[in-house]
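The structure appears below as structure tokens.
Along the sequence shown, residues carry numbers from 1.
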Amino acid sequence: MAVKGEGGIHIGHRQRARAEFLERGLNGLPDHKVLELLLFYAIPQGDVNPLAHRLVDHFGSLSGVFHATYEQLLEVKGIGPNTAVLLQLIPAASARYMRQNASFDGQIVDMWQLKELLEPYFFGQRDELAYLACMDGKGKLLATKKLGQGVVDAVHIATRKVLEAALACNASRVVLAHNHVSGVAMPSQADVDTTLRLKRVLAEADITLADHLIFAGGDMVSMAESGLLRNR
């Protein structure tokens, strides 16, 4: 009877937690409570509150949990394959949602539109990625192309690949974007040197490199706004 009673308590707690979410969303909920809601769907029975606390303690925050690899998640006591896959799926699905909602049918006139367009491609990523937004002469978006993916803090942006991507969609203007997984969006000297080299090569093909955006931890730095794209 005691076991049944404990089950009843946990069932009641899950129902209350779901009802609270439906009423007010995630507003005011601490990270472990958000994780607890998610864990309900991977672990059908029992008290998952201690596991939610362990995850936050181990990875530091909700975002830390979502940035963890599958193998890292499995190292936490109580996390099995189903739970690890669920926790990997959440940021991946969120990134797709963000990309599908960042739709631009008209002109892109400022860098904040570019931020809205490009930021979803870097959401939840653990590796460095590089993308190229290709536009016509009036600023209409033609395509967003992935240029490369590398290990932490090491994505190689090949000049030939950038030029081929721009020419393939007959772009007149392009914007380069990549992320820093270190959490600091400031461009390195290598970023500046690479960007200026690409700017010169693209100019020879009558293509303008309008900006290079660097994303990190929700922040973005525009190299054009920072004055780093001026000829030297």
Set of residues satisfying side chain to side chain contact (heavy atoms under 4.5 Å, CB included) with respect to N170, sequence neighbours excluded: none
Those residues that, when tested against E119, pass side-chain hydrogen bond (donor to acceptor under 3.5 Å, both in side chains) (two or more places apart): K115
L228 to P187 - nearest heavy-atom pair and separation: CD1-CG, 3.5 Å
L118 and M220, any side-chain heavy atoms less than 4.5 Å apart: no
side-chain hydrogen bond (donor to acceptor under 3.5 Å, both in side chains) partners for T159, two or more places apart: R197
Contact check, side chains of V174 and V162, non-hydrogen atoms, under 4.5 Å: no
Main-chain N/O of G46 paired to R14 side chain as donor or acceptor, under 3.5 Å: yes
Close side-chain approach of L39 and N49, heavy atoms under 4.5 Å: no
side-chain hydrogen bond (donor to acceptor under 3.5 Å, both in side chains) partners for R54, two or more places apart: none
Audit row: T83, L38, side-chain contact (heavy atoms from CB on, under 4.5 Å) steps and yes/no: CA-CA 9 Å; T83 306; L38 294 173; over 6 Å; no
From OG1 (T144) to CE (M135), nearest 0.5 Å: 9.0 Å
Joint hydrophobic cluster, L89 plus F59, side-chain heavy atoms closer than 4.5 Å: no
same_hphob_cluster(L74, I90) at 4.5 Å side-chain heavy-atom cutoff: yes
Considering all heavy atoms, the nearest L129-N179 contact: N-OD1, 2.6 Å
Minimal non-hydrogen separation, G78 against I43, with atom names: O-CD1, 4.3 Å
Residues that A158 engages under side chain to side chain contact (heavy atoms under 4.5 Å, CB included), provided they are two or more places apart: H156, K161
Linked, directly or transitively: L55 and L37 (ILVMFWY side chains, under 4.5 Å): yes
Shortest non-hydrogen contact from Y70 toward V85: CE1-CG2, 3.9 Å
Any side-chain heavy-atom pair of E128 and H180 under 4.5 Å: yes
Whichever hydrophobic residues join M186 through chains of side-chain contacts under 4.5 Å: V184, V221
Side-chain heavy atoms of F40 within contact of H13, under 4.5 Å: yes
With Y121 via ring-ring contact (aromatic ring centres under 6.0 Å, His included) - residues at least two apart: Y131
Cluster overlap L141 with F122, hydrophobic side-chain contacts below 4.5 Å: yes
Could you pull out all donor-acceptor pairs under 3.5 Å where a side-chain atom in residues 202-216 meets a protein atom, sequence neighbours excluded?
unit_1	atom_1	unit_2	atom_2	d
D211	OD1	S222	OG	3.2
D211	OD1	M223	N	3.2
D211	OD1	A224	N	2.9
D211	OD2	S222	OG	2.6
H212	ND1	T195	OG1	2.6
H212	NE2	H178	ND1	2.9

Shared hydrophobic cluster, V65 / F123 (ILVMFWY, side-chain heavy atoms < 4.5 Å): no
Reported OG1-to-CG distance for the pair T194 and L176, which is rounded to 0.5 angstrom: 9.0 Å
Distance-minimising heavy-atom pair for C134 and A165: SG-O, 4.0 Å
Q72 side chain vs T69 backbone, donor-acceptor pair below 3.5 Å: yes
May I have the list of side-chain donor-acceptor pairs in residues 23-34 shorter than 3.5 Å, sequence neighbours left out?
unit_1	atom_1	unit_2	atom_2	d
R24	NE	E20	OE2	3.2
R24	NH1	N27	O	3.4
R24	NH2	E20	OE2	2.5
N27	ND2	R24	O	3.4
D31	OD2	L62	N	3.0

Partners passing salt bridge (Lys or Arg N to Asp or Glu O under 4.0 Å) against E164 (at least two apart in sequence or in another chain): R160
Test side-chain hydrogen bond (donor to acceptor under 3.5 Å, both in side chains) applied to S94 - qualifying residues, sequence neighbours left out: none
Pair listing, salt bridge (Lys or Arg N to Asp or Glu O under 4.0 Å) test, anchored in residues 58-67, at least two apart: none
